[in-house]
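Structure record follows, encoded as structure tokens.
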Amino acid sequence: MKGVVFTGNRKLELRNFEDPTPGDDEVVIEIKASGMCGSDLHHYRSENPGDNIAGHEPCGVVVARGRSVSEQAAPTDARVMVHHYDGCRRCNNCLEGWTQLCDEGSTVFGRSAHGAHARYQKIPARTLVPLPDGLAFEEGAAISCGTGTAYGAIRRMEMQAGAKVAVYGQGPVGLSATMLAASMGAEVYAVDIDAGRLKTAGTFGAASLVDASKDDPVSAIKELSGGLGADYVIECSGAPEASSAAVQSAKTWGTVCFVGIGGPATYHVNRDIIHKQLTLHGSWTFSVTGQADCARYVAEKKLPVRDLFTHSFKLDDAVAAYELFDTQTTGKAVIFPS
């Protein structure tokens with residue numbers, strides 16, 4: 001089979017690999033959709049990304065099982081997503097389904113182990129998450145990272161219906177946060193510097209759109225919220241200035257959740273945090289259970305996760321796909337390997 005390998009400094013190759021054979025506790029899935037995630041760009045742009053197949057948003061069907069994996073645990077042709085981490089499987093974090101937080105260090109499929117930009121992927125059976133009926137494979141791919149990450153952040157904040165929620169950054173994760181929060185009854189203020197992404201946020205339920213390239217987002221959010229600030233703020237862009245503004249946008253006793261991967265940000269600790277009694281969270285993706293919960297919620301509410309996607313590519317078009325995706329002018333993108 002062919003697989004996409006990032007070779008460093010915005011280059012990639014399609015290399016030939018043997019079709020995988022599962023070990024005792026493993027399965028092989030045929031990839032039907034492999035999402036392209038903004039965090040892939042960090043790997044794509046790096047100098048030494050390694051030799052593993054890229055892609056950490058897998059979705060497909062089970063085609064082979066190892067000796068210790070029963071048909072009941074992984075039925076042939078079952079539609080599945082993958083929780084794209086593995087760990088020691090013994091520490092408390094692993095036992096609770098948070099393998100990315102393994103005490104001994106985690107494996108990340110698509111980074112430190114082979115990922116899903118290929119026709120087949122071999123993974124531990126324990127990483128499988130059912131894809132509910134009614135969800136397309138590309139929707140499962142989105143839930144396997146970006147959309148699931150937004151859901152995990154909202155659940156971590158214990159957001160209440162009717163709350164005023166500011167979402168900084170309207171890329172695929174931020175748009176997912178906007179869509180999910182609005183579906184849960186929140187009044188959402190969508191913040192971005194791109195007019196096209198803000199327009200999409202409006203179709204996903206945002207009550208107000210804040211163009212941070214033209215207006216000060218902190219002032220705009222305070223005006224929209226009657227001078228108080230947002231009850232909850234989700235920072236999805238990773239931009240340092242957005243991280244700072246997110247803290248300033250929250251009301252007294254508010255909650256801020258940081259999701260976007262970015263650099264250092266500056267806060268006035270007394271004024272912006274202590275004297276406002278803020279609660280700050282960091283949220284890194286989701287647990288196995290959280291991924292399954294997100295998929296069920298999206299299916300039950302019939303949320304338009306599929307509308308996040310603006311581009312799709314065949315595996316042979318991976319070079320052009322990442323050249324375009326690297327411009328960060330697209331919405332969500334997906335590779336269909338087969």
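Proximity of a side-chain donor or acceptor of Asp192 to a complementary backbone N or O of Asp194 within less than 3.5 Å is detected. Checked by atom type and distance alone, the side chain of Arg79 pairs as donor or acceptor with a backbone atom of Pro132 at under 3.5 Å. Thr310 contributes a side-chain N or O that, together with a main-chain N or O of Gly331, makes up a donor-acceptor pair within less than 3.5 Å. Not one N or O on the side chain of Tyr232 forms a donor-acceptor pair closer than 3.5 Å with the backbone of Thr255. Between the Glu300 side chain and the Lys302 main chain, no donor and acceptor come within less than 3.5 Å of each other. Remark: side-chain polar atoms of Glu323 are not paired, donor with acceptor, to backbone N or O of Ala320 under 3.5 angstrom. Between the Arg65 side chain and the Val28 main chain, no donor and acceptor come within less than 3.5 Å of each other. The closest donor-acceptor contact from the side chain of Thr200 to the backbone of Gly196 lies under 3.5 Å. Lys251 places no side-chain N or O within donor-acceptor distance of the main-chain N or O of Lys164, the cut-off being under 3.5 Å. With Ser219 contributing its side chain and Asp215 its backbone, the two residues share no donor-acceptor pair below 3.5 Å.
Phe17 and His114 have perpendicular rings, their planes meeting at more than 60° on a 0 to 90° scale where under 30° would count as parallel.
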Could you check Arg111 against Ser39 for side chain to side chain donor-acceptor pair (under 3.5 Å), going step by step and ending with a plain yes or no? CA-CA 11 Å; Arg111 303 281 174 81; Ser39 62; 3.2 Å; yes
Worked verdict on Phe6 versus Lys11 for side-chain contact (heavy atoms from CB on, under 4.5 Å): CA-CA 6 Å; Phe6 296 149; Lys11 300 294 183 182; over 6 Å; no
Would you sort out whether Asp231 and Val165 count as a side-chain contact (heavy atoms from CB on, under 4.5 Å), showing the intermediate values? CA-CA 6 Å; Asp231 300 300; Val165 179; 5.9 Å; no
Begin from the C-alpha positions of Thr329 and Thr327 and carry the test side chain to side chain donor-acceptor pair (under 3.5 Å) through to its verdict. CA-CA 5 Å; Thr329 58; Thr327 66; 2.8 Å; yes
For a side-chain contact (heavy atoms from CB on, under 4.5 Å) check, start with the C-alpha distance between Val63 and Thr76, then their side-chain angles and the critical distance, and finish with the verdict. CA-CA 6 Å; Val63 293; Thr76 302; over 6 Å; no
Walk me through it: do Ser249 and Tyr189 pass the test side chain to side chain donor-acceptor pair (under 3.5 Å)? CA-CA 11 Å; Ser249 299; Tyr189 311 140; over 6 Å; no
Start with the C-alpha distance between Gln328 and Thr330, add both sets of side-chain angles, then the distance that settles side chain to side chain donor-acceptor pair (under 3.5 Å), and finish with yes or no. CA-CA 6 Å; Gln328 295 185 272; Thr330 73; over 6 Å; no
Going through the distances and angles, do Arg90 and Cys88 end up as a side-chain contact (heavy atoms from CB on, under 4.5 Å)? CA-CA 5 Å; Arg90 299 180 301 274; Cys88 71; 3.7 Å; yes
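Across Cys236 and Val173, no two heavy atoms sit closer than the pair SG-CG1, 4.1 Å. A pairwise comparison of heavy atoms in Phe286 and Gln100 identifies O-NE2, 2.9 Å as the closest pair. Residues Gly60 and Phe137 come closest through the heavy atom pair O-CE2, 3.7 Å. Heavy atoms only, all atoms of each residue included: Leu128 and Ala74 are closest at CD1-CB, 3.9 Å. Residues Thr147 and Ser176 share a closest heavy-atom pair of OG1-OG, 2.9 Å. Contact record, His43 with Pro49: CE1-O, 2.9 Å, taken as the closest heavy-atom pair.
No more than 12 heavy-atom neighbours from other residues, nucleotides or ligands sit within 6.0 angstrom of CD1 on Ile193. Crowding of Gln277 atom CD: a count of heavy atoms from other residues, nucleotides or ligands under 6.0 Å exceeding 12. Remark: Lys276 NZ is packed, more than 12 non-hydrogen atoms of other residues, nucleotides or ligands lying under 6.0 Å away. The environment of CD in Glu158 is sparse: at most 12 heavy-atom neighbours from other residues, nucleotides or ligands sit within 6.0 Å.
Within the 4.5 Å cutoff, the side chain of His84 has heavy atoms near those of the Cys145 side chain. Looking at heavy atoms from C-beta onward, Glu26 lies out of side-chain contact with Val69 at the 4.5 angstrom threshold. Between Ile31 and Tyr120 there is no side-chain heavy-atom pair separated by less than 4.5 Å. Residues Leu14 and Asp316 form a side-chain contact, since some pair of their non-hydrogen atoms from C-beta on lies under 4.5 Å apart. Proximity of Ile154 to Met184: side-chain heavy atoms (C-beta onward) are separated by under 4.5 Å at one or more points. Between Ile261 and His42, some side-chain heavy-atom pair lies under the 4.5 Å cut-off. With a 4.5 Å cut-off on side-chain heavy atoms, Leu278 and Trp253 do not count as touching. Residues Val191 and Val167 form no side-chain contact, since every pair of their non-hydrogen atoms from C-beta on lies 4.5 Å or further apart.
Residues Asp317 and Lys314 are not paired through a salt bridge, judged by the lack of any N-O separation under 4.0 Å between the basic side chain and the carboxylate. Salt-bridge annotation for Lys332 and Glu57: present, with a side-chain N of the basic residue lying under 4.0 Å from a carboxylate O of the acidic one. A salt bridge does not link Asp40 with Arg45: none of the charged nitrogens is closer than 4.0 Å to a carboxylate oxygen. The residues Asp293 and Arg155 are annotated as not salt-bridged, no charged nitrogen and carboxylate oxygen being separated by less than 4.0 angstrom. Taking 4.0 Å as the cut-off between side-chain N and carboxylate O, Arg119 and Asp19 do not count as a salt-bridged pair.
The CZ atom of Phe313 sits 8.0 Å away from atom CD1 of Ile335, with the distance rounded to the nearest 0.5 Å. In this structure, CE in Met1 is found 8.5 Å from CD in Gln121, a value given to the nearest 0.5 Å. Interatomic distance, NE2 of His268 versus OG of Ser244, reported as 12.5 Å (0.5 Å rounding). Summarising the geometry, atom CD belonging to Glu13 is positioned 5.0 Å from atom OG1 belonging to Thr7; distances are rounded to the nearest 0.5 Å. Rounding to the nearest 0.5 Å gives a distance of 4.5 Å between NE2 of His83 and OG1 of Thr99. Between atom CG of residue Asp307 and atom CE of residue Met179 there is a gap of 7.0 Å, rounded to the nearest 0.5 Å.
Hydrophobic clustering, with ILVMFWY side chains joined whenever heavy atoms are under 4.5 angstrom apart, keeps Ile234 apart from Val210. Linking ILVMFWY side-chain heavy atoms closer than 4.5 Å, directly or via other members, places Met159 and Leu280 in two distinct hydrophobic clusters. The cluster map of Ile, Leu, Val, Met, Phe, Trp and Tyr, joined by side-chain heavy atoms under 4.5 Å apart, puts Met81 and Leu303 in the same cluster. Follow the hydrophobic side-chain contacts under 4.5 Å out from Phe336 and you never reach Ile29; the two are in separate clusters. Using a 4.5 Å cut-off between side-chain heavy atoms of Ile, Leu, Val, Met, Phe, Trp and Tyr, with links allowed through other members, Val5 and Leu41 fall into different hydrophobic clusters.
Ring centers of His311 and Phe325: at least 6.0 Å apart, outside the cut-off. Centroid-to-centroid, the aromatic rings of Tyr85 and His56 stay 6.0 Å apart or farther.
Side chains of Glu235 and Ser237: a donor-acceptor N/O pair is present below 3.5 angstrom, by distance only.
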